[in-house]
Amino acid sequence: MSPVLAPPARADHALGLPADVLSRVMPSIVRIRGRGPAGAAGVVWRGDAVVTNHHVVAGAGRALRVIAADGHAHAARVLDASRELDLALLEVPGAELRPGAIGASERLRVGALVFAVGHPWGQPWVVTAGIVSGLGTLSGPDRAARRPYIRSDVRLAPGNSGGALLDARGAVVGVNAMVLGGDLAVAIPSEVVRRWLGERA
């Protein structure tokens, strides 16, 4: 089982997330094991359901496992997925996971401080910081439709996909999806996730 990591010792400096906020946030970010050696991340949206990226679960079949912050592993299955939005909803039967606080992505502004939490290169619960550098739309997989995005300079790597983009208060304002142009991180706004989950209800 993966060790439970304490928040970084310097997380309570003026420009970082306070240590008590980090300790509250960490249990709502899980590891996902499926395809690929680095694994991926997911955001607990409710006690038995996790949101991640479509590309994380595509082709994974029944091999999906969700690993909670306490190190316990749970079998998971895909309830729904959208290739166009790059979103997937996983059910984790029997698990009692702690949901994250979901923020209002529509209130973000360019220059806002944000944090990414994920598992880059298999390193569990790593936090990186940056600022929002752009808000707009990107072409989807079929190039016909465009989807909203948050662009920032938080550092992402394989293993960050599906993890949380947090605002300065520790609320989830996006789901990290990819790196654009080599160094800019792209996240799916929380409002898009909310709308998608509402449409499927």
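Note: hydrogens, waters and symmetry copies are ignored here, and every other heavy atom, side chains too, is used. Numbers here simply count residues along the sequence, with the first being 1.
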For Asn53 and Met178, run side-chain contact (heavy atoms from CB on, under 4.5 Å): C-alpha distance rounded to whole Å, both residues' side-chain angles, the deciding distance at 0.1 Å, then the answer. CA-CA 10 Å; Asn53 295 138; Met178 63 178 180; over 6 Å; no
side-chain contact (heavy atoms from CB on, under 4.5 Å) between Val175 and Val51, worked out: CA-CA 8 Å; Val175 175; Val51 169; 4.1 Å; yes
Leu89 and Leu197: side-chain contact (heavy atoms from CB on, under 4.5 Å), yes or no, with the steps? CA-CA 8 Å; Leu89 179 65; Leu197 292 175; 3.9 Å; yes
Check against side-chain contact (heavy atoms from CB on, under 4.5 Å), Leu184 and Val179: CA-CA 5 Å; Leu184 291 175; Val179 176; 5.9 Å; no
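Side-chain atoms of Leu166 and Val173, non-hydrogen and from C-beta on, never get closer than 4.5 Å to each other. Proximity of Val114 to Val154: side-chain heavy atoms (C-beta onward) are separated by under 4.5 Å at one or more points. You'll find the side chain of Trp121 stays beyond 4.5 Å of the side chain of Val126, heavy atoms only. Looking at His54 and Ser82, their side chains never come closer than 4.5 Å, going by heavy atoms from C-beta outward. Contact annotation: the side chain of Val127 never approaches that of Val25 to less than 4.5 Å [non-hydrogen atoms, C-beta and beyond]. Residues Trp196 and Asp80 form a side-chain contact, since some pair of their non-hydrogen atoms from C-beta on lies under 4.5 Å apart. Within the 4.5 Å cutoff, the side chain of Leu85 has no heavy atoms near those of the Ile188 side chain.
For Asp167 (side chain) and Gly170 (main-chain N/O), a donor-acceptor pair under 3.5 Å exists by modelled atom type. In this structure, the side chain of Arg31 engages the main chain of Gly122 through a donor-acceptor pair within 3.5 Å. Arg146 places a side-chain N or O within donor-acceptor distance of the main-chain N or O of Thr137, the cut-off being under 3.5 Å.
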Side-chain donor-acceptor contacts of residues 94-108 below 3.5 Å, not counting sequence neighbours, with atom names and distances?
{"residue": "Ser105", "atom": "OG", "partner": "Ser190", "partner atom": "N", "Å": "3.4"}
{"residue": "Ser105", "atom": "OG", "partner": "Ser190", "partner atom": "OG", "Å": "3.4"}
{"residue": "Ser105", "atom": "OG", "partner": "Glu191", "partner atom": "N", "Å": "3.1"}

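Looking at every heavy atom in both residues, Asn176 comes nearest to Ala187 through OD1-CB, 3.7 Å. For the pair Ala185 and Leu156, the tightest heavy-atom approach, listed with the atom from each and the gap, is CB-CD1, 3.4 Å. When all heavy atoms of Val92 and Ala75 are compared, the closest pair comes out as CG1-O, 3.7 Å. The two residues Val30 and Ala68 make their nearest non-hydrogen contact at CG1-CA, 4.3 Å. The two residues Arg109 and Leu135 come nearest to each other via the heavy atoms CA-CD1, 4.2 Å. Minimum heavy-atom separation, Val117 to Trp125: CG1-CD1, 4.4 Å.
Here the CD1-NE2 distance, from Ile67 to His74, works out to 9.5 Å after rounding to the nearest 0.5 Å. Atom CG of Leu180 is separated from atom OG of Ser133 by 9.5 Å, given to the nearest 0.5 angstrom.
Among pairs with a residue in residues 153-162, those fulfilling side-chain hydrogen bond (donor to acceptor under 3.5 Å, both in side chains) read His55-Ser161, at least two apart in sequence or across chains.
Under the side-chain contact (heavy atoms from CB on, under 4.5 Å) test applied with Glu91, the options Val66, Val50, Leu79, Val78 reduce to a single match, Leu79.
The hydrophobic cluster containing Leu64 also contains Val44, counting ILVMFWY residues as joined when their side-chain heavy atoms lie under 4.5 angstrom apart, directly or transitively. Side-chain heavy atoms closer than 4.5 Å link hydrophobic residues (I, L, V, M, F, W, Y) into clusters, and following such links, even through other members, never connects Leu165 to Val192.
Residues forming a side chain to side chain donor-acceptor pair (under 3.5 Å) with Arg169 (at least two apart in sequence, or on another chain): none.
Counting only N and O atoms by type, the side chains of Arg147 and Tyr149 include no donor and acceptor under 3.5 Å apart.
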